[in-house]
There are 2 protein chains.
Amino acid sequence: MDQTDYKILSIIHDNARITVSEMSRMIAMSQPAVTERLRKLEEQGIIKGYRAELSLSKLGKHTTAFVMLKSNKCKEFETFAEAAPEIVDFYRTSGEYNFLLKVVTETSETLENFLETCHTFGFSSTLVVLSTRFEDKMLLQDVMG
Amino acid sequence: MDQTDYKILSIIHDNARITVSEMSRMIAMSQPAVTERLRKLEEQGIIKGYRAELSLSKLGKHTTAFVMLKSNKCKEFETFAEAAPEIVDFYRTSGEYNFLLKVVTETSETLENFLETCHTFGFSSTLVVLSTRFEDKMLLQDVMG
DNA sequence: GATGAAACTATTGTACC
DNA sequence: GGTACAATAGTTTCATC
C-alpha cells in the first residue's frame, strides 16, 4: 500500500465504473500496471466490491430512520432482519440497545407498521432522518494530500 | 421503470463494474438497449453514482460507532463535520438529538479523542458497533421476484 | 419510440522487454 | 513497471418493428 494504491482507491471509490485506461492516464502509470494493482487490492480484500448508489426517493422510499432495538430473541430477530426488505444496514452494538438498524420505507406509515413488527422482538427507540448531508465519505483523506 | 430496469438496477447494485455486454447476456437484451436504459437511469438520477466498497479493518480503521449529538451550534458543527475524516455519514434527525453520525476511527482511543471534540458542540450519546451483519442491502427485493 | 444489426472506436488481457 | 498487439467490449449509425 503506497501513495499510488491510495490514489487508485480514491479514484475508484469516487467512480467505480471508470475504465482502467482512464485511471492509468490520471495517475500517469501504464494500464497493465494499474490493472495488476487493482487485482491485488481486490485479492487482499481491501476493495470488497463495487456498488451502484441508488436514489431512495426516486425509488419511492421517502422515509429513512435508525432503529435501536433491545432484544433477547437474538437469533429470531436476525432471521427476521435478513428477510426484511426495509432493513438496509444491520449492526450489533454495545450499550443499552444491542441492535442498530438503518430502515428505509415508502412513508412514515410504512415505518410505523415496521416498528410494530419490531416490538414483537423487544423494545426500540427510533431516530427519523430529516436530511442526509453526506454518506460514504472517502476514508483516506487523512492518509492522502 | 419496468421489470427490466429493476433487473439492471439489481445487477449493477451487486457489481458496479460489470460490463454492459455481460449484463445484456444476463437479461437477454441487446447491448445498445442495455446501454440506453443505463444512460436513462443515470440521467433520471435513479442511479446516483458508483462506488468501491472498501474494507475498514484492512485500512486500519478498527472502530465504528454511531454518535447522536444534541447541538445548537448547527452551522459550526456542519462545517466541522465536512472536514472531519472520522465522520463518514452525516444525518440531521428529529427527536432529542438533532444529528446522527457514523464515525470510523483506528481504535477506541481515537474514537474517544473524536468524542471530546464533539463535546465542544453539544451533548452526545454513542453506540459502538460490535459487528456489522450486513450493509447496503438491495432496496428492491420487494418489487422484484 | 424502442430495439436489433453492423461497422467503427476504445479498452482490456497477454506476452515479452 | 512499460510496450506492443490480439481479443474483447463499447459506441454510433441506421434500418426495423
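All of these numbers come straight from a predicted model, not from anything done at the bench.
- Not one N or O on the side chain of B:Thr120 forms a donor-acceptor pair closer than 3.5 Å with the backbone of B:Glu116.
- Side-chain rings of B:Phe66 and A:Tyr91 approach one another, their centers coming within less than 6.0 Å.
- Rounded to an integer number of Å, the gap from A:Leu38 CG to C:dT11 C1' is 14 Å.
- When the side-chain nitrogen and oxygen atoms of B:Ser21 are compared with OP1 and OP2 of D:dA9, none of them lie within a distance under 4.0 Å.
- Remark: side-chain polar atoms of B:Asn98 are paired, donor with acceptor, to backbone N or O of B:Ser71 under 3.5 angstrom.
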When you look at B:Ser21 and B:Gln31, which way does the side-chain hydrogen bond (donor to acceptor under 3.5 Å, both in side chains) test go after all the steps?
CA-CA 6 Å; B:Ser21 331; B:Gln31 195 190 88; 2.9 Å; yes

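- Computed from coordinates, the A:Met23 CE to C:dA10 P distance equals 19 Å when rounded to whole Å.
- Closest-nucleotide positions on DNA chain D for A:Arg37 and A:Arg17 were compared, and the one nearer the 5' end corresponds to A:Arg37.
- Judged by distance alone, the side chains of A:Thr107 and A:Thr110 do bring a donor and an acceptor atom under 3.5 Å apart.
- Using a 4.0 Å cut-off between a side-chain N of Lys or Arg and a carboxylate O of Asp or Glu, A:Arg39 and A:Glu36 qualify as a salt bridge.
- Residue contacts shown for A:Thr19 are limited to sugar-phosphate atoms, with no base heavy atom under 4.0 Å away.
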N/O-N/O pairs, protein side and nucleotides 12-17 of chain D side, under 3.5 Å:
none

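- Relative ring orientation between B:Phe80 and B:Phe114 is described as parallel, the plane-to-plane angle staying below 30° on a 0-90° scale split at 30° and 60°.
- Taking atom CG of residue B:Asp2 and atom C1' of nucleotide C:dA2, one finds them 11 Å apart after rounding to whole Å.
- Between A:Ile18 atom CD1 and C:dT11 atom C1' the separation is 13 Å, expressed in whole Å.
- For the pair B:Asp5 CG and C:dA2 C1', the computed distance is 12 Å after rounding to whole Å.
- Residue A:Met29 contributes atom CE, which lies 16 Å from atom P of C:dT12 at whole-angstrom precision.
- Atom C1' of nucleotide C:dT9 and atom CD of B:Gln31 are separated by 13 Å, given to the nearest angstrom.
- Atom CD of A:Glu42 is separated from atom P of C:dT12 by 12 Å (rounded to the nearest Å).
- Within the 4.0 Å cut-off from OP1 or OP2 of D:dT11, not a single side-chain nitrogen or oxygen of B:Arg39 is found.
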